[in-house]
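What you are looking at is a predicted structure, and each value in this text was computed from that prediction instead of being measured. In what follows, every heavy atom counts, from backbone to side chain, and hydrogens, waters and symmetry copies are set aside.
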Amino acid sequence: MSSQRMLTGSALINVMVAAAQKAGRALIRDFGEIEQLQVSRKNLGDFVSTADLRSEKIIIQELQKARPPYGFLIEESGTIQGEDADNTWIIDPLDGTSNFLHGIPQFAVSIALRRKGEVVAGVVYNPVVDELYWSEKGSGAFLNQRRLRVSGRQHLDEALLACGTPYGARGSSEKFTNGFRNLVKQVSGMRRFGCAALDLCFVAAGRLEGCFEMNLKAWDIAAGALIVKEAGGYVCDFEGEQSFLDKGSIIAGNEAIFLHLKKAILE
């Protein structure tokens, strides 16, 4: 049964879901063609840019139709001012671009709504497996129709973590490097999936005990962070504060593992 037929969210969530699913269907069509382009890096780059922009256009059209006054903060187009300054959509039309580029089915559409400076709703959709994560502030978090709860595991030696390792021009950071070196010796396993939005959703679903990453943008994590918190998890930036959307670093986990991660990365 598709997530669209199963969903029983609010009018706001339904608007966001409809936009994410429509964009997801376009991405699936493009993803089906990308294997034919693997021989040419240049063509692949152009193709992925086109897919990204197509997804973005669909989302903007759908959300503007439903909520005309709202503004946008989007990966490709930047800031689009709306008449309603209190409400801004934060959108990543294709999170996990490198995965998409290489034919790896770990990518998502991410849509969040920030109202008066606070994220109040979030949707993350992986169209390949038709997994729809969604949440509204104060209403819990869900995967399709199933309510989510973070993992109950308490100890690092039984914890599975995800991280996004710095690379290329992004460089590294002593805080990240020291934290990673400390944690990798203690945990059950470490994963690098390449899609921050889905990493956070996996924490919310109890598939991971925690995750951490730096060099992110607001659209990578706005929806996923809310989904983690509404599933009973905890989130902060690499300074232990709640400025992760501005600072672009994030630590997330269930209560016990979150505290271990904070200690490993902050100290």
Report task. Take atom NZ of Lys217 as the centre, draw a 6.0 Å sphere, and report whether it contains more than 12 heavy atoms from other residues, nucleotides or ligands. Result -> no
Query raised in the report: With a 4.5 Å heavy-atom cut-off, do Ile60 and Phe72 have their side chains touching?
Result: yes
Query raised in the report: At what distance, to the nearest 0.5 angstrom, does CD1 of Ile265 lie from CG of Leu183?
Result: 6.0 Å
Query raised in the report: So do Arg25 and Leu27 actually touch side chain to side chain, heavy atoms under 4.5 Å?
Result: no
Requested in this report: Give me the other members of the hydrophobic cluster that Trp219 sits in, counting Ile, Leu, Val, Met, Phe, Trp and Tyr linked by side-chain heavy atoms under 4.5 Å, directly or via other members.
Outcome: Leu73, Ile90
Query - Heavy-atom closest pair, residues Leu12 and Ala121 - result: CD2-CB, 3.8 Å
Query raised in the report: Nearest heavy-atom pair of Ala23 and Ser55: which atoms, and what distance?
Result: CB-OG, 3.4 Å
Query raised in the report: Is the backbone N or O of Gln154 less than 3.5 Å from a side-chain atom of Glu158, with the two atoms forming a donor-acceptor pair by type?
Result: yes
Requested in this report: Please tell me if the side chains of Phe107 and Phe193 come closer than 4.5 Å, counting only heavy atoms from C-beta onward.
Outcome: no
Query raised in the report: Take atom CD in Glu255; do more than 12 heavy atoms of anything else shown fall under 6.0 Å from it?
Result: no
Requested in this report: Could you tell me whether Glu118 and Lys137 make a salt bridge, using a distance below 4.0 angstrom between a side-chain N and a carboxylate O?
Outcome: yes
Query raised in the report: Is any side-chain heavy atom of Ile250 closer than 4.5 Å to a side-chain heavy atom of Asp220?
Result: no
**Report entry** More than 12 heavy atoms from other groups under 6.0 Å of OH on Tyr70
**Finding:** yes
Query - Whether Asn14 side chain and Ser10 backbone form a donor-acceptor pair below 3.5 Å - result: yes
Requested in this report: State, with a plain yes or no, whether a side-chain heavy atom of Val109 is found less than 4.5 Å away from one of Asp95.
Outcome: no
Query raised in the report: Do you know which two heavy atoms are closest between Pro127 and Gly24, and how far apart they sit?
Result: CB-O, 3.6 Å
Report task. Determine the sole option in Leu161, Leu200, Leu160 for which the side chain to side chain contact (heavy atoms under 4.5 Å, CB included) test with Cys211 is passed. Result -> Leu200
Query raised in the report: Judged by modelled atom types alone, do Glu56 and Ser77 share a side-chain donor-acceptor pair under 3.5 Å?
Result: yes
Query - Any donor-acceptor N/O pair, Asp237 side chain to Glu239 backbone, under 3.5 Å - result: yes
Report task. Kindly say whether Ala85 contributes a backbone atom to a donor-acceptor pair with the side chain of Thr88 at under 3.5 angstrom? Result -> no
Query raised in the report: Judged by modelled atom types alone, do Asp130 and Tyr125 share a side-chain donor-acceptor pair under 3.5 Å?
Result: yes
Requested in this report: Identify the two heavy atoms, one from Asn99 and one from Gln106, that lie closest to each other, and give their separation to 0.1 Å.
Outcome: ND2-O, 2.8 Å
Report summary line: In short, Cys201 meets Val124 closest at the heavy-atom pair SG-CB, 3.7 Å
Requested in this report: Decide yes or no for Leu266 and Leu261: does some side-chain heavy atom of the first lie under 4.5 Å from some side-chain heavy atom of the second?
Outcome: no
Query raised in the report: Is the ring centre of Phe100 less than 6.0 Å from the ring centre of Phe31?
Result: yes
Query raised in the report: What do the steps show when you test Arg115 against Asp86 for salt bridge (charged side-chain N to carboxylate O under 4.0 Å, His left out), and what is the final call?
Result: CA-CA 5 Å; Arg115 176 171 291 156; Asp86 289 339; over 6 Å; no
Query - No-hydrogen, no-angle side-chain donor-acceptor test under 3.5 Å, Ser151 and Glu209 - result: yes
Query raised in the report: Is there side-chain contact between Pro93 and Ile74, with heavy atoms separated by less than 4.5 Å?
Result: yes
Query - Distance-minimising heavy-atom pair for Arg147 and Gly140 - result: NH2-CA, 3.4 Å
Requested in this report: Enter the distance from Cys163:SG to Leu208:CG here, rounded to the nearest 0.5 Å.
Outcome: 10.5 Å
Query raised in the report: Regarding Ser249 and Glu213, is there a side-chain donor-to-acceptor distance under 3.5 Å anywhere?
Result: no
Query raised in the report: Quick one: does Val119's side chain get under 4.5 Å of Leu245's, heavy atoms only?
Result: yes
**Report entry** Pair listing, salt bridge (charged side-chain N to carboxylate O under 4.0 Å, His left out) test, anchored in residues 11-22, at least two apart
**Finding:** Lys22-Glu62
